[in-house]
Amino acid sequence: MNKHFLRPLLLFAGLAVGQIAFSQSIFINELLASNSNGATDEAGQYEDWVELFNAGLTAVDIGGMHLTDDLGQPTKWKVPATNPAMTTIQPGGHLLFWLDNEPAQGILHANFKLSAGGEDIGLYAADGSQLDALTFGPQTANVSYGRSSDGGSSFQFFTTPTPLTPNGGTLGGSFAQAPTVSVGGGFFSNAFSLAISSATPGAQIRYTLDGSEPGASAQLYAAPLQIGQNTTLRARAFATSYLPSPITTQTYFFDTP
């Protein structure tokens, strides 16, 4: 091979290896897959986000790398390499990407969203090699999931998310068990009594009958409900030392004259 051709080829390979070596210090540090009252993007919108952390001693420009919510499609979204000032993570620093499927809003906006029901998220080098990946389960609105400390090996829920700041805020634990109902949704001719329960000891059940999301101040369940008209029930369990449960939703339809 011509040595003048070989020299730039080796230089390119060396740069690629160098980028991968430096980027091995970049971690998926925290994510929020259901955001309704937390941090907002430049447009003032509540969007999904993921935070990356640089645990290394050298600044890393991740322009040209890839983020994905499908580990079978590692190059789903390429971080633009057009503005290193915005895509470089300093040692001990953080960088936030908005996962809102609105890449036209800027280079920190990816072309996919996260599922609150749980899925994957991965970070890949420019050549498609995996740098970090995380599989997460069901998420609760405005509760983030991330490493217990920046770059650490254990993960935890955070009832107070910490975008662009060190992890270690208010920690959450396990989820309370979702409420169960004595009568499933469907079509009915006659009114009936509906009981709601949760398997989590000491749990309080909060509910709504208009389809809205039940929060900690929603109506407290204390006795069976009488259902006799079209109703969308949504119920959630709250318990000390537990994160709020997933929401149970049932819709009841009644024949009309």
Side-chain angles (χ1 to χ4, degrees), residues 28-38 46 48-50 69 99 113-121 133-149 152-163 167-188 191-253:
I28 296 171
N29 203 50
E30 186 179 4
L31 61 88
L32 185 63
S34 180
N35 181 9
S36 63
N37 65 11
Y46 298 109
D48 301 345
W49 51 259
V50 64
D69 64 343
L99 309 182
K113 296 183 177 183
L114 293 179
S115 169
E119 62 170 336
D120 301 317
I121 185 166
L134 171 64
T135 298
F136 59 91
Q139 304 292 298
T140 294
N142 307 308
V143 175
S144 66
Y145 184 67
R147 298 177 186 273
S148 298
S149 59
S153 59
S154 61
F155 288 81
Q156 180 63 275
F157 289 102
F158 295 93
T159 53
T160 301
T162 59
N167 289 2
T170 305
L171 299 179
S174 301
F175 289 98
Q177 291 293 309
T180 57
V181 296
S182 60
V183 180
F187 292 85
F188 302 85
F192 59 88
S193 179
L194 178 71
I196 313 173
S197 60
S198 171
T200 300
Q204 289 187 336
I205 297 174
R206 302 279 177 171
Y207 70 93
T208 63
L209 299 176
D210 60 0
S212 61
E213 182 175 302
S217 60
Q219 182 67 42
L220 176 65
Y221 173 79
L225 308 178
Q226 298 304 307
I227 307 296
Q229 61 184 6
N230 291 347
T231 300
T232 296
L233 168 78
R234 304 193 76 191
R236 178 183 250 175
F238 295 82
T240 302
S241 301
Y242 288 87
L243 292 169
S245 75
I247 297 173
T248 295
T249 302
Q250 299 287 343
T251 301
Y252 305 96
F253 298 98

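Along the sequence shown, residues carry numbers from 1. Excluded from the calculations below are hydrogen atoms, water molecules and symmetry mates; all remaining heavy atoms, backbone and side chain alike, are included.
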J.: Taking the side chain as every heavy atom from C-beta outward, state whether Phe175 and Pro138 have any pair of such atoms under 4.5 Å apart.
T.: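 Answer no - side chains too far apart.
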J.: If I compare all heavy atoms of Asn167 with all of Thr162, which pair ends up nearest, and what's the gap?
T.: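 Where Asn167 meets Thr162 most closely, the heavy atoms are OD1-OG1, 3.1 Å.
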J.: Just to verify, what does Ser153 make a side-chain contact (heavy atoms from CB on, under 4.5 Å) with, not counting sequence neighbours?
T.: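 Ser153: no side-chain contact (heavy atoms from CB on, under 4.5 Å) contacts found.
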J.: Could you state the interatomic distance from CG (Leu225) to OG1 (Thr231), rounded to the nearest 0.5 Å?
T.: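 Answer rounded to 0.5 Å: 9.5 Å.
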J.: Under the side-chain hydrogen bond (donor to acceptor under 3.5 Å, both in side chains) test against Arg234, which residue among Thr249, Thr251, Thr208 passes?
T.: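 Running side-chain hydrogen bond (donor to acceptor under 3.5 Å, both in side chains) over Thr249, Thr251, Thr208 with Arg234 returns exactly one hit, Thr249.
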J.: Might you point out which heavy atoms bring Tyr46 and Asn35 nearest each other, and give the distance in Å?
T.: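 Scanning both residues completely, I find the closest heavy atoms to be CB-O, 3.3 Å.
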J.: Side chains of Gln250 and Ile196: closer than 4.5 Å at any heavy-atom pair?
T.: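 With C-beta onward as the side chain, the pair stays apart.
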J.: Could you walk me through whether Leu99 and Ile121 pass the side chain to side chain contact (heavy atoms under 4.5 Å, CB included) check?
T.: CA-CA 11 Å; Leu99 309 182; Ile121 185 166; 3.8 Å; yes
J.: Roughly how far, to the nearest 0.5 Å, is the CZ atom of Arg236 from the OG atom of Ser245?
T.: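 Ser245 atom OG to Arg236 atom CZ measures 6.5 Å (nearest 0.5 Å).
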J.: Mind listing the closest non-hydrogen atom pair of Ser144 and Pro161 along with its distance?
T.: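 Taking Ser144 first and Pro161 second, the nearest heavy atoms are OG-CA, 3.5 Å.
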J.: Does any N or O in the side chain of Ser182 come within less than 3.5 Å of the main-chain N or O of Ala195, such that one atom is a donor and the other an acceptor?
T.: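 Yes, the answer is positive, given that a donor and an acceptor are paired below the 3.5 Å cut-off.
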J.: Applying side chain to side chain donor-acceptor pair (under 3.5 Å), can you list everything that pairs with Asp69, at least two apart in sequence or on another chain?
T.: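 Testing Asp69 for side chain to side chain donor-acceptor pair (under 3.5 Å), a comparison that skips the adjacent residues, returns Lys76.
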J.: Identify the two heavy atoms, one from Gly184 and one from Tyr252, that lie closest to each other, and give their separation to 0.1 Å.
T.: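 Smallest heavy-atom distance, with atoms named: O-CE2, 3.2 Å.
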J.: Just by distance, do the side chain of Asp48 and the backbone of Lys113 share a donor-acceptor pair under 3.5 Å?
T.: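 Here the side-chain-to-backbone pair does not exist.
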J.: Is any side-chain heavy atom of Tyr242 closer than 4.5 Å to a side-chain heavy atom of Gln177?
T.: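 Of all side-chain heavy-atom pairs linking Gln177 with Tyr242, none is under 4.5 Å.
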J.: Can you name the nearest heavy-atom pair linking Ala178 to Thr248, along with the distance?
T.: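 Shortest heavy-atom separation between Ala178 and Thr248 comes out as CB-OG1, 3.8 Å.
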J.: Enter the distance from Leu134:CG to Arg147:CZ here, rounded to the nearest 0.5 Å.
T.: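 Rounded to the nearest 0.5 Å, the CG-CZ separation comes out at 7.5 Å.
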J.: Enter the distance from Tyr145:OH to Leu114:CG here, rounded to the nearest 0.5 Å.
T.: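 Here the interatomic distance stands at 13.5 Å.
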J.: In Å, rounded to the nearest 0.5 Å, how long is the span from CD1 of Ile205 to OG of Ser197?
T.: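 That separation rounds to 6.0 Å.
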J.: Once salt bridge (Lys or Arg N to Asp or Glu O under 4.0 Å) is applied, what residue pairs with a partner in residues 202-211 remain, sequence neighbours excluded?
T.: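 For residues 202-211, and leaving out neighbouring residues, there are no salt bridge (Lys or Arg N to Asp or Glu O under 4.0 Å) pairs at all.
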J.: Mind checking the CD-CG spacing from Gln139 to Leu243? Nearest 0.5 Å is all I need.
T.: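 Those atoms lie 9.5 Å apart.
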J.: How far apart are the closest heavy atoms of Ala239 and Thr200, and which atoms are they?
T.: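 Result for this residue pair: CB-CG2, 3.8 Å.
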J.: Check for me whether the distance between the ring centres of Phe136 and Phe155 falls short of 6.0 Å.
T.: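 Between Phe136 and Phe155, the centre distance exceeds or equals 6.0 Å.
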